[in-house]
Colleague: 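If you scroll down you'll find the structure; I have some questions about it.
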Amino acid sequence: MPEANSNASVRLELKHPLVIRWMHWVNFPVLFTMIWSGLLIYWNDSDNAYQHPHAVYRLGIGKFTLIRFFPEWLYQKLHVPYHVTQGLGYHFFFMWIFALNGMAYVLYTALSGEWRFLLPERRSLSDAIQVMLVDLHLRKGLPDQTKYNGAQRIAYTSVILMGAGMLATGLAIYKPTQAHWLTTLFGGYEMARWLHFWLTMSFLGFFVVHVVQVLLAGWNNFRAMVSGREIQPIDAPSVEKARRTRA
Amino acid sequence: MSEQDKLPIDPREDGSAVEETPAAQEVPAATDAPQVTTSPAASPADADSAATRNEAADSAVLEESRKHTRRSFVGATAAAVAGYGFYRWIDQSPGAEMQPAPLRRAFLANAAIAQALSRDHALAPTYAPEEAKDLRVNGVYGLKKMLAPESWRLQLVGVRNAAHHPRFTNDVTAWEYRYETVINGESQGHDTKVDPNARTAAKMAPESMLSLAGQAEESTGRRMPRGQEEAGESRSTLMPGTPGLLLTMQDILALPRHELVTQFKCIEGWSEIVHWAAFAWPISSTPIRPTLLTARSQSTSTWRHRTAITTPATISAIAAIRRRCSSRK
């Protein structure tokens, strides 16, 4: 369609296939629900007036604790206290949507060839460093890219691995007897909880960076995640062309 | 990755071009076209006509883009509304045992899947007794009144030939537990979520829970003993008139004793290694399944403290523990 318009200085490119857009946006409320319901469950042990000696959810070394997660005012603000049943109910329902959506994404990405845009390449690490320096206004000149740059490739692949880690550690906590081999693999029940918690914190960290980057990248980029199409200068490397030549 | 290795095509590189186009979309040709046409180094004479040609072509592309944008945002809005509707459906569904029905069904489905996969054969890891700690006191819900120890009974139902047992009774649910009045009105234990130095009132369940329990009492017209309003009815709650045994603590202590050190995992997320002792009822014949409260309309039932341990699943669990213990010797 846009290719035919040889005189145009811009073209419309299908950046994100419909399936990927759906799976991306399904994750948004589902992951929100998982984190929120997780917080409702987690409050039971974290907000503990008696400070029972678990060493899981804190920043500190040995006996020294800098912060315990999370402060009382945060729980009060979010109406977290005494909602464990609600939290468990939602957590063990939405985990299915999260798991199935994630597995469908991996399957689709593998079979459609979209993984070529996603997985880090040999040059991705140095590209990512360059992208980061440009973002911090320390250097100029973004490296060449088609759909994603090196930093995006690394970040988006990591977040898929983190999702898989959430499922695996979650299963290790959920069924520590039946899946005892998995729980043991993670270093036991306490460690599985530790990993589950810190993976969640990493997800939150990812969101912050992701949202800031989307805001900085602007409307054209954001809209592509909804409509799929991005307006590109005619001589920019083409995602559609890359898709055709590799497939 | 990219096969055409033209380095920065335009004064800005291709990455940041993405950031510029949104403005171009609103005011199409004016900003974008002239900028890009400069890079393929057109001769100054052609520049004007090229610019107008590009302007028309560009607005065609942008029109196409707007069409997709409109369509997809309408779809996205519909999906968001449907998603919210889905949440409302869950949240507003009538409850089953303290959970909205869809979430309750998910619990049951999860349990069925887990059982189908593991067939209940998996055994928890065991530990050395030295690793065990005293199980921590977590809260006092259901324990605001102290049970008189001599009035404690274990209701054991589903036992074959129970009628021949000296502790047989025609209705185990009719047993009246006695409670001791707490003289000083102080809490008998503590809720770990509340400051140990807080006043008694502050150690009670939060306002929202008490008022919900109050509403439940209003709507069903039955008063639940303290503790049960949080716990809800149990799947093993017995029908009035269920025959069975009422065992005293001495009866139980006389049974074969089995010990096991496993990790206790609380749904709250914490865990502790605990040294357990259990008394297994000798299984000489297949148990019979008692009639449970859930088998008929719950509104006609009365609420009492009950303990029932003998569904067939529990017996097989005890049997599994026994197997495990004997195999280690």
Side-chain angles (χ1 to χ4, degrees), chain A residues 1-2 5-12 25 29 41-42 44-45 47-50 52 54 81-82 84-85 88-90 92-93 96 121 123 141-142 144-146 149 175-178 180 184 189-190 193 216-221 223 226-237 242 245, chain B residues 1-2 4-10 13-19 21-22 25 32-33 36-37 53-54 57-58 60-62 64-65 68-69 72-73 76 79 83 98-100 102-103 106-107 110 114 117-118 122-125 136 192-196 206 208-209 263 265 267-271:
Chain A
M1 32 174 202
N5 220 330
S6 54
N7 287 328
S9 62
V10 290
R11 72 166 172 247
L12 204 54
W25 286 112
I41 301 169
Y42 164 62
N44 284 281
D45 192 33
D47 178 54
N48 201 314
Y50 286 73
H52 279 290
H54 64 76
Y82 296 99
V84 63
T85 46
L88 290 165
Y90 277 95
F92 293 128
F93 183 103
W96 286 109
E121 303 167 297
R123 50 173 273 209
L142 282 169
D144 224 10
Q145 67 174 82
T146 44
N149 63 40
K175 298 287 172 195
T177 300
Q178 290 86 343
H180 54 85
T184 309
Y189 188 74
E190 289 289 315
R193 284 176 62 206
L216 290 177
W219 172 247
N220 191 34
N221 173 67
R223 181 186 50 199
V226 181
S227 75
R229 274 83 178 171
E230 188 167 55
I231 299 167
Q232 285 276 359
I234 203 83
D235 40 13
T245 50
Chain B
M1 177 85 216
S2 99
Q4 353 153 294
D5 282 310
K6 288 185 223 153
L7 280 170
I9 345 154
D10 111 355
E13 25 326 85
D14 59 278
S16 63
V18 172
E19 292 170 33
T21 28
Q25 201 242 337
D32 214 309
V36 182
T37 39
R53 266 209 320 273
N54 283 350
D58 284 0
V61 171
L62 296 174
E64 172 86 6
S65 167
H68 281 297
T69 306
S72 57
F73 271 85
M98 306 286 280
Q99 286 286 350
L103 302 184
F107 276 159
N110 291 346
L117 291 179
S118 75
L123 293 175
R136 96 183 190 192
T192 54
K193 278 83 187 173
V194 178
D195 190 293
S208 59
M209 263 170 110
Q263 191 176 39
K265 283 124 182 152
I267 55 153
E268 295 189 345
W270 52 272
S271 56

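To find a chain, count down the sequence lines: A is the first, B the second, and so on, and within it residues start at 1.
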Colleague: Side chain from CB out, backbone as N, CA, C, O: work out which of these in B:I267 comes under 4.5 Å of a heavy atom of chain A, or both, or neither.
Modeller: both
Colleague: Are any side-chain N or O atoms of B:D58 and backbone N or O atoms of A:A8, one a donor and one an acceptor, separated by less than 3.5 Å?
Modeller: no
Colleague: Determine the option with the most heavy-atom pairs under 4.5 angstrom with chain A, choosing from B:A114, B:G83, B:S271, B:S118.
Modeller: B:S271
Colleague: Check A:F93 against B:A106 and note the closest heavy-atom contact, atom names and distance.
Modeller: CD1-CB, 3.5 Å
Colleague: B:S72 and A:R223: side-chain contact (heavy atoms from CB on, under 4.5 Å), yes or no, with the steps?
Modeller: CA-CA 9 Å; B:S72 57; A:R223 181 186 50 199; 6.0 Å; no
Colleague: Go through the steps to decide whether A:F92 and B:L103 satisfy the test side-chain contact (heavy atoms from CB on, under 4.5 Å), and finish with yes or no.
Modeller: CA-CA 8 Å; A:F92 293 128; B:L103 302 184; over 6 Å; no
Colleague: State, to 0.1 Å, how close A:V226 and B:A76 come at their nearest heavy-atom pair, and which atoms those are.
Modeller: CG1-CB, 4.0 Å
Colleague: Would you please name every residue forming a side-chain contact (heavy atoms from CB on, under 4.5 Å) with A:T184, sequence neighbours left out?
Modeller: none
Colleague: Under the side-chain contact (heavy atoms from CB on, under 4.5 Å) rule, what do A:Q178 and B:L117 come out as? Steps first, then yes or no, please.
Modeller: CA-CA 9 Å; A:Q178 290 86 343; B:L117 291 179; over 6 Å; no
Colleague: What distance do B:N110 atom CG and A:W96 atom CH2 have between them, rounded to the nearest 0.5 Å?
Modeller: 6.0 Å
Colleague: How long is the straight-line distance from CD of B:E64 back to CZ of A:R229, given to the nearest 0.5 Å?
Modeller: 7.5 Å
Colleague: With sequence neighbours left out, what residues match A:T85 under side-chain contact (heavy atoms from CB on, under 4.5 Å)?
Modeller: B:Q99
Colleague: Any idea which heavy atoms bring B:L123 and A:T177 closest together, and the distance?
Modeller: C-CG2, 3.5 Å
